[in-house]
Amino acid sequence: MEFLRFAAHGLRASFPNPSGAFFLEPVFLHWFYASCHILLLIALSLLWFCRRSSGGSLNKDRIENDRFLYYRVTFSTSLTLSLFYFFLCIYDLFWYGDDKGIFVKQLAIPLDLGVRAITWLVISAYLHLSMLPSSRKKFPALLKIWWGIYLLMSCSSIALDYFYYSKLDIMESYMWVMDLGSFFSALVLNYTGFFGKRVEDGSNHLQESLLNGGVSNPSGELSENDSGPGDVSLFTNASFLSILTFSWLSPLIAAGNKKTLDLRDIPQLDHRDSVDGVLPIFKSKLESCNASSCENNSGGNSEQAAHITSFNLAKALILSSWRLVFLTSIYALLYTVASYVGPYLIDYFVQYLNGHQTFANEGYVLVVAFIVAKIFECLTQRHWYFRLQQIGMRVRSFLVSIIYQKGLTLSSNSRQGRTTGEIINIMSVDADRVSIFCWYLHDLWMVPVQVALALFILYARLGIASLAALAATFVVMFANVPLGKMQEKYQEKMMESKDIRMKSTSEILRNMRILKLQGWEMKFLEKIAELRKNETNWLKKYVYTSAMTTFVFWGAPTFVAVVTFGTCVLMGITLESGKVLSALATFRVLQEPIYTLPDTISMVVQTKVSLDRITTFLRLEDLQKNVVEKLPKGSSDVAIEVSNGTFSWDLSPESSPTLRDLNFKILQGMRVAVCGTVGSGKSSLLSCILGEVPKIDGTVKLCGLTAYVAQSPWIQSGKIQDNILFGKKMDLENYDNVLEACSLKKDLEILPFGDQTIIGERGINLSGGQKQRVQIARALYQEADIFLFDDPFSAVDAHTGSHLFKECLLGHLASKTVVYVTHQVEFLPSADLILVMKDGKITEIGKYNDIITSGRDLMELVGAHKEALSALDNMELPKDCSSDIAEDDSANSKSSKQTLYEDKKDIMNSKVDEKEIQKGQLVQEEEREKGRVGFWVYWRYITTAYKGSLVPLILFAQIVFQVLQIASNYWMAWAAPVSKDVEAPVTVLTLIFVYIALAIGSSICILIRAFLLAMAGFKTATILFNRMHFSIFRAPMSFFDSTPSGRILNRASTDQSDVDTNIPYQVGAFAFTIIQLIGIIAVMSQVAWQVFIIFIPVIGLCFWYQRYYIDTARELARLVGLLKAPVIQHFSESLSGSTTIRSFGEESRFIDINSKRLDECNRPRFYNNTAMEWLCFRLDMLSSIVFAFCLIFLISLPKGVIDPGLAGLAVTYGLNLNMLQAWVIWTLCNLENKIIAVERILQYTNIPSEPPLVIEMNRPDVNWPSKGDLDLHDLQVRYAPHMPFVLKGLTCSFPGGLKTGIVGRTGSGKSTLIQTLFRIIDPTVGEIVIDGINISTIGLHDLRSKLSIIPQDPTMFEGTVRSNLDPLEEYTDEQIWEALDCCQLGDEVRKKEKKLDSIVTENGENWSVGQRQLVCLGRVILKRSKVLVLDEATASVDTATDNLIQKTLRQQFCDSTVITIAHRITSVLDSDMVLLLDNGFIVEHNTPLSLLENKTSMFAKLVAEYSMRSDSNFRKLDNL
């Protein structure tokens, strides 16, 4: 009874108006609302029980197949309401628990809040566990009714709050928050309840695509028939609300949280962001800008390219996206204004807390102003950044596309002046840097605006002393001028050094095989290390200058504050706490533009350098457009006509023309042969017909479409079929005929996947002959009228050469115009016209029979050939060999044709399992880490330099800085009086001197931290670079065979750049923001620790969002890194094959491929950047909730409970809390994205290495090998564990001092045997013994340095003649000249002005292929090894030169073991022994004479084939 009386008394006492309406009293309403929620709990429990008892099963598959529209919003709102009411309940119990001792009032509010929290938690559980997996089409009626009632309850509460309780002054501020929160939540729930429904499968196509996407092919592209997100773009059709909140990205985030994303899972770009959408706009703007420049300079349209300037390019880039630029400027302005609202209001807030209230409800108005400004700040910043990255992506697309297109039109002089590595660097690094500048686009004009706003606030608070702040700000800004100039200089020098390094790296990677064969790889690694050392000299200066810039601008706000407050003291302006805090908050906001200003200036500098480099490249000379006059097909009987033609690769006045006095006419359907000695201008003649050689004088006319086969095969990485089709549609009959004509069918049967086999970069997994025949097949498949062949028969054996000539030139192309360069003079009599060239002129022209008797130059070539054939005269050949050959070929051809036709039919009519095919390919998909970036990556990065000893020092310096910063602000808030009428605790001088001391201390800490971070980052970058490059150079050749150079260059260029200049600051930023956040929390906990009630769960929710987001972002970032390589690789291949591309007229198709690959790279980049904004928007909103709670809490406190100055300090830091809380998560996510560059580099520091270069315990004698005996024992070799054996149990001996010729059809294993001898590939089974030593037991350097080789593909490096012959600098000039004379190049080099120091361009492009092969011969003559291998060493030289070379070799290596692989039978006929291989087996091994005596021997058949081909044309000519 006592309890009831007390309750009744409390109830009456709690009613402020006993005579009024009882039902409007707060206590009654709280009890009533609690009862309503309890009734709903009972109803939901009954509904759940009824459904369970009725046996209704939950369809758990529904969530995979369907989705419920607005379910997530409803579930999230319900769960948020539960948490909201729970924290309000805790807050009420804690703060108001002792209020007035009224039991009934005490019980009603927390009971209401607690019941509400439980009810909404139950509703959330019901939605998740029962409703979603069920087959319901809409939300349950019970819930929709309840949400309607809940809205009425919320509306009535707000009405009572405003019209009734506020007038009676019985309304607590946190109850306002509760009712407003309930009202907005009720609106959301009623909207979702009305429109929410289950969406069937068809409407959820994107979600299915994202979750069930297949695997992309190795190149990272999607085939035309692949089904994925298809043409869907999440952004295109998004609603306004979805765009505002970035919710349109949620399906992708959800998919990435459930599975590992692949390219197929990434939605398409909006058309306005694709290359096809943006490039035409950019081109038109650039043309208009150039046109105006030309007009201003009185130039014509033809000079527009020369007038491309950095300014014009930048102007065109901005005009192309002017709408987005304007929109982002609006966002930037709104963000800037919103960010200064808080600092402006702090003084009013402190005065309000001090009891100076200027109008009613001022506290609530201030809170609303703070929060609205924060929300505006969040929205504008997020959309500002989102649109900036959109502009950046478009800019990158513009630049890469136009650089690519320029690369396809460069003249020969321009190409010689710019290596592939330099151009790739411009495309990958410079274009990226210009696109990154878009993030800083508005910073330059924002700085004056921000300074003006800051000056306005400071003037309002501190009066005339604000001018001192302005002066101090300008001092800091001008202090950056010399630093900016230094950065510009160092950046430019660093990029120049990087260009040189990347150029050398690219060249070395292309020629790694020859480096390993010669044992030169470590010497060239030293060269790269030396180039890197030069680069790091500039890098060190750059990072230390950046550190100095960081110090200046981190200390800038403190410096400005000291000057301002010092001026106030000198001028006698009173420093009140509110004004001081307002000024400090202003300085803190001003810190952002001051802090970003060095970055902005640095980016302006870097962007200017990059724009200059890009415009310099775009101004390079194009191919002359008027070189060739192209006539319509069928308009003339003349296919090719050259009149008075003079052409030169080098247009400088002092150089003589490459070709001169050219006059010839080729009719339609003619076969024209071009012959001559090495360096006579044969290849240049074909190039001038194609318009590749600059024309000095004369005319060139061409009637019809052209197809071109280059002397050095150009093969794209990809399927063999794609290389042959070359963009044309599949015509199965024509395709089959082309394969037959090119003798490719047998090769395709041997290859593991036939024509679906993926070819490695530069055709690395094909033999030289196979590459040449694929190239010929590509030409034959095209519907061309004129076919140009540049010595296509040198790389194939005699039998295959005869077959190609007969089936291709005489058969398949019988009705076409064919011009073929050849050194095989046996193919000359079949020509309708012969052009004999010497010293760049056509010395003889006519039919074979006409000029053979009168022409001296042709007679020399034919005479040399007859001399070579004389070896056959003394050998009796089997008479029936030729018929056997014909029968065998016919049978093989028939079976091969049938087999391949059936295989093709199977491929066309059934779907090939791409995964299974990929497993067996040589070129595997690029290795990609999946899941979280391991902690070991971070640990290895931070402990690489000095074993991590600098890390504690850096952290300690930052911690001390943070402590001193907080101490200085705390000191000013505590020591400054709240108002004029309050006595200050310390004197003014003490106040300012302590503040200055603390400021100096914090500045010193920043200086130490900046330099230690720069030191650690620089050292780490250097170590990682050295480790990666050592690992790459020591990798086995199989790594380079299966790894496109684009992947390696991507790490050496882009990833290394990130490690050099970006990642140290990313790691530091994360650590520093964590320390700053802890500092802010510490300050706020001193003032209002109750804010932790909401702060802790919000932080937890932030980290949950971060984990939810990071799965998607991580894979998107990896895909970005992964998809850069195909763009670079395609670019590199296109540059090297630009002549072939132009000759086929395929420029537009390759431009389309580049656009497609660029879009594929941009897709994950765009969605990755947007995902960051998706996360930051949500984090900002959560941070705003914490800030709002803190403000409401502070104005709810009774007056005098807390010092207003310290409360203002809490608000000052609270303004930063909003930003910093999101910044911690942002830097964490950004770090995890960026650290992938370190992860990728670390991948390449752990490449399995080749065996040791030197084994000290088993080093051979200095004179080893002394005899040159070579024995094979059961040798079995394959290129990789997943690939078939190439050599299958070879056992034989090569006696020392003898010459052994190795012959066999293309692909029989000849080159593989040589690679095994040099241990490019180690035997899987068996061994090779040289002079009694198993070569597998000694070091690679000891082996390779003792052997010599002239490889199949002649290689020259950029540099000089001397450096190409003697890269290790071991020989004198006299020895080098002797070697040049021996290899028939002495006279050619003496003609050059610089002699041995004559320039050799990239890949030796300024030397003919034959001359390059002679240089390789000169290398081995210098080395004079006991074992010499000739791998098609004379394939690219004429017969006369070949005879001279063979004579030279016999003289120079008379006592050496010489192993010769040759397609010219005459090159092996004088061998002591012949080894014949077929399909990896030894078929024959004997002396040439013994094998020829055997009528059934394959060697006899090969000789007969060669002899028959030559005899038919030449022996009968003796009778002429």
Side-chain angles (χ1 to χ4, degrees), residues 639 666-674 704-709 723-726 728 731-748 755 769-770 772-822 824-834 847-848 882-883 885-901 904 1144 1305-1306 1463 1502 1504-1506 1508-1513:
I666 299 172
L667 301 179
Q668 297 283 359
M670 287 184 69
R671 280 191 302 276
V672 179
V674 182
L705 301 176
T706 57
Y708 172 64
V709 176
N723 269 275
I724 295 174
L725 298 183
F726 207 56
K728 301 293 182 183
D731 179 348
L732 200 56
E733 184 178 356
N734 183 29
Y735 183 78
D736 194 63
N737 291 335
V738 167
L739 293 181
E740 174 66 31
C742 296
S743 193
L744 276 171
K745 292 193 171 183
K746 191 172 182 181
D747 299 275
L748 296 182
D755 61 358
Q770 288 171 331
Q772 191 66 276
R773 283 181 286 128
V774 168
Q775 202 181 206
I776 295 172
R778 177 173 62 209
L780 263 58
Y781 191 80
Q782 309 302 304
E783 298 173 359
D785 306 296
I786 301 169
F787 291 81
L788 307 176
F789 293 89
D790 193 354
D791 198 14
F793 312 116
S794 294
V796 296
D797 58 74
H799 172 76
T800 305
S802 298
H803 178 90
L804 289 174
F805 186 78
K806 178 181 177 183
E807 296 296 329
C808 296
L809 271 68
L810 302 183
H812 199 87
L813 302 178
S815 61
K816 303 289 185 179
T817 305
V818 180
V819 180
Y820 60 98
V821 172
T822 183
Q824 279 83 356
V825 293
E826 59 267 29
F827 294 137
L828 297 178
S830 299
D832 299 319
L833 185 70
I834 297 175
K847 291 189 176 181
Y848 184 85
S882 59
S883 61
I885 294 169
E887 291 174 6
D888 289 350
D889 289 350
S890 176
N892 289 340
S893 173
K894 186 174 181 180
S895 64
S896 175
K897 186 172 182 177
Q898 180 66 24
T899 302
L900 198 84
Y901 186 84
K904 283 296 302 172
F1144 283 89
R1305 302 286 167 85
T1306 301
H1463 291 151
L1502 286 173
E1505 170 70 22
Y1506 186 80
M1508 180 177 62
R1509 185 177 71 189
S1510 301
D1511 286 353
S1512 63
N1513 294 317

Are Phe726 and Phe1144, when compared by the centres of their aromatic rings, separated by less than 6.0 Å? yes
Got Val818 and Met670 here, is their nearest side-chain heavy-atom distance under 4.5 Å? no
How many angstroms lie between atom CG of Asp832 and atom OH of Tyr848, to the nearest 0.5 angstrom? 15.0 Å
Give, for atom NE2 of His812 and atom CG of Asn737, the distance between the pair rounded to the nearest 0.5 Å. 7.0 Å
In this structure, CD of Gln775 is separated from CZ of Phe789 (nearest 0.5 Å) by 9.5 Å
Kindly give the heavy-atom pair with the smallest separation between Leu725 and Gln782, and that separation in Å. O-NE2, 3.3 Å
Regarding Asp755 and Tyr735, is there a side-chain donor-to-acceptor distance under 3.5 Å anywhere? yes
For the atom pair CG (Leu780) and CZ (Arg773), what is the distance rounded to the nearest 0.5 Å? 13.0 Å
Looking only at the aromatic ring of each residue, does the gap between the centers of Phe787 and Tyr708 stay below 6.0 angstrom? no
Considering all heavy atoms, the nearest Thr817-Gly669 contact: OG1-N, 2.9 Å
Do any N or O atoms from the side chain of His803 and from the backbone of Glu740 form a donor-acceptor pair under 3.5 angstrom? yes
Run the side-chain contact (heavy atoms from CB on, under 4.5 Å) check on Thr822 and Val674 step by step: do they pass? CA-CA 6 Å; Thr822 183; Val674 182; over 6 Å; no
So how far is it from Asp731 CG to Asp736 CG, rounded to the nearest 0.5 Å? 10.5 Å
